[in-house]
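The structure appears below as structure tokens.
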Amino acid sequence: MSFNHQEIEKKWQTYWLEQKTFKADTYSEKEKVYALDMFPYPSGAGLHVGHPEGYTATDIFSRMKRMQGYEVLHPMGWDAFGLPAEQYALDTGNSPAAFTEKNIATFKRQIQELGFSYDWDREINTTDPNYYKWTQWIFTKLYEKGLAYIDEVPVNWCPALGTVLANEEVIDGKSERGGHPVIRKPMKQWMLKITAYADRLLEDLEELDWPESIKDMQRNWIGRSEGAEITFSIDGYDEEFTAFTTRPDTLYGATYAVLAPEHPLVEKIVTSEQKEAVEAYLDQVTKKSELERTDLAKDKTGVFTGAYAINPANQEKMPIWIADYVLMTYGTGAIMAVPAHDERDYEFATKFELPILEVVKGGDVSKEAFTEDGEHVNSDFLNGLYKDEAITKMIEWLEAEGKGTKKVTYRLRDWLFSRQRYWGEPIPIIHWEDGSMTAVPEEELPLELPEMTEIKPSGTGESPLANSEWVNVVDEKTGMKGRRETNTMPQWAGSCWYFLRFVDPHNPEKLADPEALKEWLPVDIYIGGAEHAVLHLLYARFWHKFLYDIGVVPTKEPFQKLFNQGMILGEGNEKMSKSKGNVVNPDEIVASHGADTLRLYEMFMGPLDAAVAWSTNGLDGARRFLDRVWRLFVQEDGTLSDKIVDTTEDTALNKVYHETVKKVTEDFENLHFNTGISQMMVFINEGYKAEVIPKAYVEGFVKLLSPVSPHIAEELWEKLGHTNTISYDAWPTYDESKLVEDEVEVVIQIMGKVRAKMNVSKDITKEEMEEKALANEKIQELIEGKTVRKVIVVPGKLVNIVAN
RNA sequence: GCGGGUGUGGCGGAAUUGGCAGACGCGCUAGACUUAGGAUCUAGUGUCUUCGGACGUGGGGGUUCGACUCCCUCCACCCGCACCA
């Protein structure tokens, strides 16, 4: 008979909730472990089978840690602001709040049915005013410190929809909804100065226990590069510009300069002869979408301005061109072009027949750019030097002459923080009629979103909030009129600090009690999808560092250890999608196989970080294992098996039990769930072969199983005669001495090939082993007539005989 | 192009420091029990084989008594970035 998963899962889920089994004590005396999941966006589609993968991993970890005597913080919440709810509201006229609430209820039900050991008293919802009060509070602090500022930046403006679109809503230059044209239009936007933290975000990666790939992605994203800024004067004008370069040592090889099309100097320096050509080019460039300008830019385009810059090193005239291979958003938007030693400049110079001058020996600049190190030539005081030395010397010279300076530039740009949307945290700023601007004072937070009967674009590019009376404010003291900021925060905002609120979720006075944060931070293990490798994790680190600077949090970094779970693919090894019809619904699996089986299966599929295809047969196999466990311990009539005995003396299971405890404990600690589970299967297979099973081993095994499949474990625990939950019973320990047998089997190799095996005492000496191996009958036969040249003995493992 | 990663049976995957390749699961084969089996149990299952053995961890080379593991080189696939000066 198999166990009734529907019955026991319901039973234990109810028990855990009613008993508040997993309530964490914030100020406990115990050592603390904080195990965190990336909280989900509660979409209308409900839970995906990918969600439980990471959640099960942290749940296993949490459950094991509780049994090992730690106080465990394992919370869950909802990242509930975001676009889909607003789209839905636009489409149906319903309120995003109600829609979100419904979705959360579904998610919560589904998550609870999977038996995760969350402390539900700490549930967080980013759309709850009690929560976003603090999101807004952090913003006002950023504003106070000058890290939040308004800037004019181009956004995706869709005239037909009367709204600004996010990058992901623009497909091939058209709006995702409706296919209307989208143009780049400069608008005033809130920006966060994440670049002020670039160096620290880079440096502090070193101390984190994160996958190297993620660290690398963040490093690339930040894109620090060292070089120099060099000032160029313009022949015949009282103007100059600076260019950033990582190779100031090649200044003598700079034969032309290039400005980005958006560079402010362009219109000032263009000569009348070139005016027409330049305007035509600029027109052509603005029509290109971002995609066309970056992705498809294989062929270089550009136009001469007619003006010349002066090379500060040799006073040569360098023609100034405009080309869209130079980006206004990086460096200074202007470059000195050294075609002999830069591939892009080489390509451009070749196309437009600009001079190419070799200044570093080692390549053939008539064929291609030479970008490696070499001896400098044609470079006056740099001649004979190599790259590093030449760079240092050139920078010294530039600084002495006042023509340039050492400079570090980042690829990372400031964070565009405003969205022209309703369904987000209102930015707590008031614009007064006298032109001044103030933050909403702390005591007036949260600044709540007004309820609106209809959410539609304002048409002006402002958010729908512009249509509400809510925007109008009057200063009670002075009577001055003001207008609220209508932009809201992006979805990233709420997720930048939610892990702090989990520590002290109901604190009305503070974001969280500093004492409590000291207890729990940093997060010990953080698991989620790799899609958040850069943005979420970088933004959260940025906010955390800022909060550290203003004394709110005690650690420099929020997440000590990070792990990315892999994707679960459809049975055909393709990404699950509605259109392919290969989506697996966790509700159906919970109903047919049970949550314990789903959890077990997802952990057994393969390594946690691998992308593995779903397999119905594999799922059946997981269920079969749980059935085997049940049948081994429980008889048809529901009573304990007669095989279970009270002794542990000398049973056949001694070794495998201790091995299992050891391997499972170590594997779970390292998140190697697939191999830990396989060891449990080995134990059960041995259990079937054994005549008797000591009760202590059954109890130990059930504990090992309990983090993975907690419902069946609780049920078995009860059958074993316990009246309390298994969740806090001590984790099994193993006896190292039980792992080694007195006799071990070793292999005998000849020339590295296994030829025979023999049993030897575990304490045998090298000499004895060699002797015994050479005396072996089969070995004697095989080495007959050969000279034994060497014998390698690895105690307890093997003997390798070199003979020919 | 740059950065990171992965290549092991029919499939998912194991394999401490270089030391018995293929644990465990799926699938498959045979048998048992059964009216029945998509249940359960038992045994087998890398390939080839003249049944001695030979070959085998993406290909080629190297180091070593011994290589899935270390080195060189090439190939394939996946992820990220992509004119970042």
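Per chain, numbering begins at 1; letters A, B, ... match sequence-line order. None of the values given here were measured: they were computed from a predicted structure.
- rC78(B) and rG44(B) are spaced 36 Å apart, taking the C1' atom of each and rounding to whole Å.
- Remark: C1' of rU6(B) and CG of Leu608(A) are 17 Å apart, rounded to the nearest angstrom.
- Across the interface with RNA chain B, nearest-nucleotide mapping of Gly223(A) and Lys790(A) shows Lys790(A) to be the residue nearer the 5′ end.
- Ranking rC26(B), rG25(B), rA23(B) by closeness to the Asn617(A) side chain, first place goes to rC26(B).
- Taking 90° from 0 as the syn/anti boundary, the base of rG9(B) is oriented syn.
- Between the P atom of rC28(B) and the CG atom of Asp620(A) lies a distance of 12 Å, rounded to the nearest Å.
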- Taking Watson-Crick and G-U wobble contacts under 3.5 angstrom, with | marking pairs to another strand and [ ] crossing pairs, the secondary structure of RNA chain B is written (((((((..(((......[....)))((((((.......))))))(((....)))..(((((..]....))))))))))))....
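- rG46(B) and rU40(B) have their P atoms separated by 23 Å, given to the nearest Å.
- The side chain of Arg411(A) places no N or O atom within less than 4.0 Å of a non-bridging phosphate oxygen (OP1 or OP2) of rA85(B).
- Phosphate contact (OP1/OP2 of rC41(B), side-chain N/O of Arg631(A), threshold under 4.0 Å): present.
- Between Trp321(A) and Phe352(A), the ring planes are tilted. Angles from 30° to 60° get that label.
- In this structure, Trp210(A) atom CH2 and rG4(B) atom C1' are separated by 16 Å, rounded to whole Å.
- To the nearest whole angstrom, the two P atoms, one in rC68(B) and one in rG56(B), are 10 Å apart.
- Phosphate contact (OP1/OP2 of rC24(B), side-chain N/O of Arg624(A), threshold under 4.0 Å): absent.
- With P as the reference atom, rA36(B) and rG53(B) are 44 Å apart, rounded to whole Å.
- Across the C1' atoms, rG18(B) and rG66(B) are found 8 Å apart, a figure rounded to whole Å.
- Here the side chain of His5(A) pairs no donor or acceptor atom with the backbone of Ile712(A) at under 3.5 angstrom.
- Classified by its glycosidic torsion, rG52(B) falls in the syn category, the angle being within 90° of 0.
- Distance, Phe241(A) CZ to rA85(B) P: 18 Å, rounded to whole Å.
- Looking at residues two or more places apart in sequence or on another chain, you find a ring-ring contact (aromatic ring centres under 6.0 Å, His included) between His532(A) and His536(A).
- Contacts of Gln679(A) classified as side chain to side chain donor-acceptor pair (under 3.5 Å), with partners at least two apart in sequence or in another chain: Thr660(A).
- Applying the side chain to side chain contact (heavy atoms under 4.5 Å, CB included) rule to Glu691(A) yields no partners; only residues at least two apart in sequence or on another chain are considered.
- Distance Asn564(A) CG to rG80(B) P: 12 Å, rounded to the nearest Å.
- In this structure, Trp221(A) has no ring-ring contact (aromatic ring centres under 6.0 Å, His included) partners at least two apart in sequence or on a different chain.
- Ile214(A) has its CD1 atom 14 Å from the P atom of rG4(B), to the nearest Å.
- The cationic atom of Arg623(A) (NZ for Lys, CZ for Arg) does not lie both less than 6.0 Å from the six-membered ring centre of Phe604(A) and within 45° of the ring axis.
- Comparing the same atom, P, in rG38(B) and in rA54(B) gives a spacing of 42 Å after rounding to whole Å.
- Look at CD on Glu347(A): it is 12 Å from C1' on rG1(B), rounded to the nearest Å.
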- Item | Footprint string (nucleotides 11-22 of chain B, 5' to 3'): B base within contact, S backbone only, - free, heavy atoms under 4.0 Å | -BSS----BB--
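- If you take atom P in rA21(B) and the same atom in rG27(B), they sit 28 Å apart, rounded to whole Å.
- Along RNA chain B, the nucleotide nearest Glu343(A) and the nucleotide nearest Asn685(A) are compared for position; the residue whose nucleotide lies closer to the 5' end is Glu343(A).
- For the pair Lys300(A) and Tyr325(A), the cation sits on the ring face: its NZ or CZ lies under 6.0 Å from the ring centre, inside 45° of the axis.
- In this structure, the CG atom of Leu569(A) is 18 Å from the P atom of rC77(B), given to the nearest Å.
- Within the 4.0 Å cut-off from OP1 or OP2 of rA85(B), at least one side-chain nitrogen or oxygen of Ser225(A) is found.
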- Please walk me through it: do Lys662(A) and Glu659(A) pass salt bridge (charged side-chain N to carboxylate O under 4.0 Å, His left out)? CA-CA 5 Å; Lys662(A) 181 179 159 100; Glu659(A) 266 172 359; over 6 Å; no
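- Nucleic acid contact class of Arg413(A) (heavy atoms, under 4.0 Å, all strands): base.
- For Tyr256(A) and Phe304(A), the gap between ring centers reaches or exceeds 6.0 Å.
- Under the 3.5 Å distance criterion, the side-chain polar atoms of Tyr601(A) are left unmatched by any main-chain donor or acceptor of Asp596(A).
- When the P atom is compared between rG61(B) and rA67(B), the two are found 14 Å apart, to the nearest whole Å.
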